[in-house]
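All ligand and atom numbering here is 1-based and tracks the order in the structure.
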Amino acid sequence: MEQYVIKGGNALVGEVEIGGAKNAALGILAGAILTDDTVVIENVPDVRDTNVMIQAMESIGVIVQHVDKHTLKINAGNIHSQIVDGDYIKRIRASYYLIGSLLGKFNKAEVTLPGGCNIGTRPIDQHLKGFKALGARDAGVVGGRIEAHADKLQGAHIYLDMVTVGATINLMLAAVRAEGRTIIENAAKEPHVVDVANFLNCMGANIKGAGTDVIRIKGVSELHGTEYTIIPDQIEAGTFMFAAAVTKGDITVKNVIPKHLESISAKLQEIGCEIEESDDAVRVVASRRLEHTHVKTLPYPGFPTDMQPQITVALGLAEGTSIVTESIFENRFKYVDELMRMGANIKVESSTAIIEGVNRYTGASITAPDLRAGAALVLAALAADGFTTIDDIRYIERGYEEFDVKLRSLGAMMEKVEDDSAIQKFKLKVG
Ligand code: UD1
């Protein structure tokens, strides 16, 4: 099984190009099947989650051509089934977007229940409530599948009980071709919700208000082909920004939208980093010991839950006591046990982590419990004294393209290895 072996201690310095937003790409890929015309999508990240999504689309007859590594040409004119089955689909969360788009196009969809990271119970009741309101009266879970069927889809007024990115995107996908008007209240405002809406509008949809908490959709009977470029990944960028913070480095993340990174930049400043913004880049310089702070994860524009493990790793090295409160997912501190093996001093009480900063982490043998926590543990290893091996890096590869390659280009001493002899070789090489 592949692992990372890392020798910590180097300050990471340099520039890194950020790829397309994974979570936007997943919604956009699903949205591309709403038309029979060809759609060209640029800046698709080449990560495991998008590749599973493509595999699922191909399994029902969608033709996906790679124009280059990050550009796809998609034609969904010959879909032969509205049933997406198979164990592989459980590996991703966003497979449920195929329910929204298949229902939106064919009034019928059956998709194996999604998996994704184990960070809480992750119910789908809001998706189902919305599909029912749009006319899929039977929408529900049957034999391990989400099923939804409708005679026709009719616009509806949907109030989401909590802010959910997944349900907001899924209901937009289902509603764009429904008859009449749909209003989604208490909608998520994340940049990738806006990106999916912009993409659908480029295909001829009529969606207004994406990025606010009320989204208004006027149904159209047909969508058409388009060319679209996905926004940069806010979380990949944020992860590299925190890599600068924990290694006392100096990293410029390029090809980003600084506005999307505001809550991350603000926290980095608060803990003692210098931030320089330009049109499409953000530079993070960390020249002294980090300072403690309090942070609570919140829906956008709040501090993202997908950055919670990374900030916890940084605060674990900060002076004084910090408090991190997770308000989105109830089971998102599992990685703390691994971090404690590296010398962190953290106490978790339900959704709050109380962190007493230590001077340094020490290398250990640890396991990535999920995607973002896995990436955060890599940051801890890069800051640590000595060698760390990280198992289960397949989780990290779900959402970070060439993570090790990009980190090495900034001066990280790390390698992806397959067995113990490769670990020994690396240790001999770097001394
Ligand atoms: C998406 C992202 C994930 C990110 C999260 C929050 C994808 C593939 N994943 O996950 O990386 O961490 O947004 O930014 O885009 N909820 C319900 N019922 C529902 C739906 C959600 O109770 O029907 C709850 C969830 O349990 C959670 C909260 O709402 O507590 C937010 O979930 P949501 O925003 O939907 O997260 P995901 O779309 O699963």
Side-chain angles (χ1 to χ4, degrees), residues 20-31 45 47-53 56 89-100 111 113-133 139-141 146 148 158-174 184 186-196 213 230-231 233-236 238-239 260 263-264 296-311 325-333 350-351 370-376 395-396 398-400:
K22 168 183 86 83
N23 288 345
L26 293 166
I28 286 172
L29 286 170
V47 292
R48 202 159 290 177
D49 275 21
T50 51
N51 290 323
V52 171
M53 187 63 146
I89 199 70
K90 289 190 197 145
R91 283 193 244 137
I92 63 169
R93 184 87 206 130
S95 51
Y96 56 34
Y97 290 148
L98 291 171
I99 294 274
V111 177
L113 260 180
C117 286
N118 179 11
I119 50 176
T121 47
R122 308 191 84 168
I124 51 161
D125 55 308
Q126 301 302 305
H127 303 237
L128 298 177
K129 178 173 100 169
F131 294 147
K132 284 181 185 158
V141 178
I146 309 174
I158 303 161
Y159 184 91
L160 296 174
D161 295 340
M162 74 284 299
V163 178
T164 137
V165 174
T168 304
I169 291 179
N170 224 346
L171 296 175
M172 287 196 303
L173 293 168
I184 305 173
N186 199 26
K189 297 182 276 204
E190 267 66 3
H192 42 291
V193 172
V194 179
D195 208 35
V196 175
D213 49 18
I230 293 174
I231 54 166
D233 196 300
Q234 175 202 23
I235 307 300
E236 188 196 5
T239 303
H260 294 167
S263 63
I264 297 166
K296 183 175 181 179
T297 62
L298 286 169
Y300 190 84
F303 192 84
T305 172
D306 281 359
M307 286 300 301
Q308 181 260 97
Q310 297 87 321
I311 195 168
T325 306
E326 171 58 55
S327 81
I328 314 286
F329 293 109
E330 75 268 24
N331 196 10
R332 213 164 186 176
F333 283 119
S350 73
S351 60
D370 62 66
L371 164 58
R372 304 303 173 186
Y395 286 119
I396 301 171
R398 286 188 38 204
Y400 292 88

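Ligand 1 has an N or O atom lying under 3.5 Å from an N or O atom of V165, backbone or side chain. The shortest N/O to N/O separation between D125 and ligand 1 falls below 3.5 Å. Checked against a 3.5 angstrom limit, the closest N/O atoms of T164 and ligand 1 fall inside it. Ligand 1 has no nitrogen or oxygen under 3.5 angstrom from a nitrogen or oxygen of A167. The shortest N or O to N or O distance between I328 and ligand 1 is below 3.5 Å.
Looking at K129, its side chain does come within 3.5 Å of a backbone N or O of Y159 through a donor-acceptor pair. Checking side-chain atoms of D233 against main-chain N and O of K22 turns up a donor-acceptor pair under 3.5 Å. Q234 places a side-chain N or O within 3.5 Å of a backbone atom of H260 that can act as its donor or acceptor partner. Looking at N170, its side chain does come within 3.5 Å of a backbone N or O of Y96 through a donor-acceptor pair. Proximity of a side-chain donor or acceptor of S351 to a complementary backbone N or O of T325 within less than 3.5 Å is not detected. Judged by distance alone, the side chain of D195 and the main-chain N or O of I230 form no donor-acceptor pair under 3.5 Å.
Of the heavy atoms in T305, only side-chain atoms (C-beta onward) come closer than 4.0 Å to ligand 1. Looking at E330 against ligand 1, nothing comes within 4.0 Å, counting heavy atoms. The side chain of Y96, and not its backbone, has at least one atom closer than 4.0 Å to an atom of ligand 1 (non-hydrogen atoms only; side chain from C-beta on). At a heavy-atom cutoff of 4.0 Å, ligand 1 is contacted by no atom of L128, backbone or side chain. Contacts of Q126 with ligand 1, taken as heavy-atom pairs under 4.0 Å, involve both backbone and side chain.
In this structure, D161 falls outside the shell of residues with a heavy atom less than 4.0 angstrom from ligand 1. Under the 4.0 angstrom criterion for non-hydrogen atoms, R332 is in contact with ligand 1.
For ligand 1, the atoms sitting less than 4.0 Å from at least one non-hydrogen atom of I124 are 19 (C), 23 (O), numbered in the order shown with element in parentheses. Of all atoms in ligand 1, listed by their number and element, those nearer than 4.0 Å to a heavy atom of N23 are 2 (C), 3 (C), 7 (C), 8 (C), 9 (N), 11 (O), 15 (O). Close contacts of ligand 1 with V163, meaning ligand atoms under 4.0 Å from a residue heavy atom, involve 31 (C).
Minimum heavy-atom separation, Q308 to F303: N-CE2, 4.2 Å. Of all heavy-atom pairs spanning I146 and L113, the tightest one is CG1-CD2, 3.6 Å. Across all their heavy atoms, I99 and A148 have their closest contact at CG2-CB, 4.4 Å.
Closest heavy-atom approach to atom 20 (C) of ligand 1 among the candidates A24, A188, P123: P123. Between the choices M53, M162, K129, the shortest heavy-atom distance to atom 29 (O) of ligand 1 belongs to M162.
F131 is not listed as a side-chain neighbour of I158, based on a closest heavy-atom distance of 4.5 Å or more. Residues R398 and V52 form no side-chain contact, since every pair of their non-hydrogen atoms from C-beta on lies 4.5 Å or further apart.
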